[in-house]
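Take a look at the structure set out below.
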Amino acid sequence: MNLIETAPIVQPARSGRVADPCAMIIFGAAGDLTRRKLIPALYNLAKTQVLSREFAIIGVARSVMSDDDFRKKLTEDIKQFATEPVDNDIWEWFVKRLYYVPGDFDDKNVYTKLKEVLARVDQEHTTHGNHFYYLATAANYFGLIVEQLAANGLMEQNQHWRRVIVEKPFGHDLESAKALNQQLLKVVKEDQIYRIDHYLGKETVQNIMAFRFANGIFEPIWNRRYIDHIQISVAETVGVETRGGYYDQAGALRDMVPNHIMQLISLTAMEPPVSFRADSVRDEQAKILHAIQPLSAEDVLSKTVRGQYGEGTVDGKRVPAYRSEQDVPPDSKTETFVAMKLQIDNWRWADVPFYLRTGKAMAAHNTHIVIQFRQAPFVLFRDTPVETLMPNQLILHIQPEEGISLRFAAKVPGPNMRLGAVDMNFEYQDYFGSQPSTGYERLLYDCMIGDATLFQRADMVEAGWCVVSPVLDVWKALPPRSFPNYAAGSWGPKDADELLERDGRNWRNFEK
Ligand code: BG6
């Protein structure tokens, strides 16, 4: 298929712009995120020539390494994790810009040392003193690191900018998220804080806004008058792998809902922003999060479902029960699956349920949003019972399929008037090809040009936690009795199906 025309909707301030000269300081530079995502993403930015030539990276972590060791390590790692074969010239340029400072994040000397190294690196690579710090560490260090940076004058802005990217989890519950916001805001300004949610780095997630607001035909029907309900599914086939220690403290609800799923809900449900400026977009997202009807304790019992996987088969392979995974206690009560029914209290969405679910070790790896429209008012077709008529569904396929499809009814050829459901499909790769990406390029670039649109503001993070707070409270007070309650490789516990069946609806499952 051919692309008919590329619409020239480019935000002028960023079109073709090379990122500002700067140094990136990665805390937790010896970890997985750095080698799997951050370095490959920066390499891709260098390759597409949007990374400034005046750029450097300083890794900070506990492992004892010299600059040279760090360079050698990343040279090995990039071969494994680059999204396409590495171009030697580009990598050679890149590797000369890598530096390393070993030490514990709670050791004050580390910051003194970092300050010295930065002064040298700023000179050598003419970074103009612009710095951004990426906190790829355990969450308990976030506040401490930013305090130490500030105490050493490393967050001060003059002619230059200083920013900090904070990874998830941003807090463990509402109280801790608020406390972390307060701790950070004591020493830096809100516009220096970039709270990252990697879902916003996904093209298909960003496309929700383009799809809704750059097309005239969908917005008029994007409301309670025409939409019956919305389903958001984030199904994963992976279990907890080696992350049992973290995951068992978090659980599926904390791990996925206040952050990634709230992004999907707010982009799907928000009003058109007045512009694509960071605060215009984020204001509209925040309004939706604030409009989500708070769940009472009774609601938690009737509108939420939790599950934990038992032994089963995923993609033809035997998978142990969650309780037998590494670093998971054998009597763990942590949920690996959650489903919820939410309502949004505003004029657009009153009485339109939003069903969401996410889980580990499920039947398929698939993230999608189903917009289900109301039935046509009269069904005039004989031989087609009303209940077998499939309602119109618009599906936003987020991953691994990337595209949009529309389901509607068509006449089955033959002498009788019979109807069948058919799909009209758009797949990204047919039009735009597939661009190798880690999903972090856009977010890192945006931080380097000071565009915070795709990052979370303090109020949004807190609003996300507000939604899940009552669920955390009730679940804590009433531990689950029937775990494990779904087999690995299934679509989750049967209670999740019943959640929709009670309302006369069904989940749409995509096997691939
Ligand atoms: C992370 C969660 O934030 O997102 C993981 O901690 C989860 O548990 C991951 O697997 C899902 O991200 P993606 O991009 O693979 O859908």
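We count ligands from 1, going down the list as the structure has it; atoms in each ligand are counted the same way.
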Legend entry - Sub-3.5 Å N/O-N/O distance, H365 and ligand 1: no

Legend entry - Heavy-atom nearest option to atom 2 (C) of ligand 1, drawn from N259, V238, D255: D255

Legend entry - Proximal ligand 1 atoms for K168, defined as those under 4.0 Å from one of its heavy atoms: 1 (C), 2 (C), 3 (O), 6 (O)

Inset, instruction - Check the pair T83, N44 against side-chain hydrogen bond (donor to acceptor under 3.5 Å, both in side chains), reporting the backbone distance first and the verdict last. - result: CA-CA 8 Å; T83 51; N44 284 346; 3.0 Å; yes

Ignoring hydrogens and angles, write down the donor-acceptor pairs under 3.5 Å from the side chains of residues 203-212, residues two or more places apart or on other chains.
residue: T204; atom: OG1; partner: I398; partner atom: O; Å: 2.9
residue: Q206; atom: OE1; partner: R442; partner atom: NH1; Å: 2.9
residue: Q206; atom: NE2; partner: L200; partner atom: O; Å: 2.8
residue: N207; atom: OD1; partner: Y428; partner atom: OH; Å: 3.4
residue: N207; atom: ND2; partner: Y428; partner atom: OH; Å: 2.4
residue: R212; atom: NE; partner: E219; partner atom: OE1; Å: 3.3
residue: R212; atom: NH1; partner: L267; partner atom: O; Å: 3.0
residue: R212; atom: NH1; partner: T268; partner atom: O; Å: 2.8
residue: R212; atom: NH1; partner: M270; partner atom: O; Å: 2.9
residue: R212; atom: NH2; partner: E219; partner atom: OE2; Å: 2.9
residue: R212; atom: NH2; partner: M270; partner atom: O; Å: 2.8

Inset, instruction - May I ask you to say whether E190 pairs ionically with R195, meaning some side-chain N is under 4.0 Å from a carboxylate O? - result: yes

Inset, instruction - Please say whether H198 places an N or O atom under 3.5 Å from an N or O atom belonging to ligand 1. - result: yes

Legend entry - Nearest-contact summary for atom 11 (C) of ligand 1 - protein heavy atom, Å: E236 OE1, 3.7 Å

Inset, instruction - Search all heavy atoms of T336 against all heavy atoms of Y247 and return the closest pair with its distance. - result: CA-OH, 3.6 Å

Inset, instruction - Would you verify whether the NZ or CZ of K73 falls within 45 degrees of the ring axis of F70 while also being under 6.0 Å from that six-membered ring's centre? - result: no

Inset, instruction - For K360, take its heavy atoms, then give the atoms of ligand 1 lying under 4.0 Å from any of them. - result: 5 (C), 7 (C), 8 (O), 10 (O)

Legend entry - Distance filter under 4.0 Å to K202 heavy atoms, resulting ligand 1 atoms: 13 (P), 14 (O), 16 (O)

Inset, instruction - Compute the shortest N/O to N/O distance between Y247 and ligand 1 and return yes if it is under 3.5 Å, no if not. - result: no

Legend entry - Step-by-step ring-ring contact (aromatic ring centres under 6.0 Å, His included) determination, Y486 to F337: CA-CA 9 Å; Y486 73 98; F337 174 97; 5.6 Å; yes

Inset, instruction - Report yes or no: do Q372 and Q231 form a side-chain donor-acceptor pair below 3.5 Å? - result: no

Legend entry - Sub-4.0 Å atoms of ligand 1 with respect to non-hydrogen atoms of H260: 1 (C), 3 (O), 4 (O)

Legend entry - Enumerated ligand 1 atoms positioned under 4.0 Å from heavy atoms of Q399: 13 (P), 16 (O)

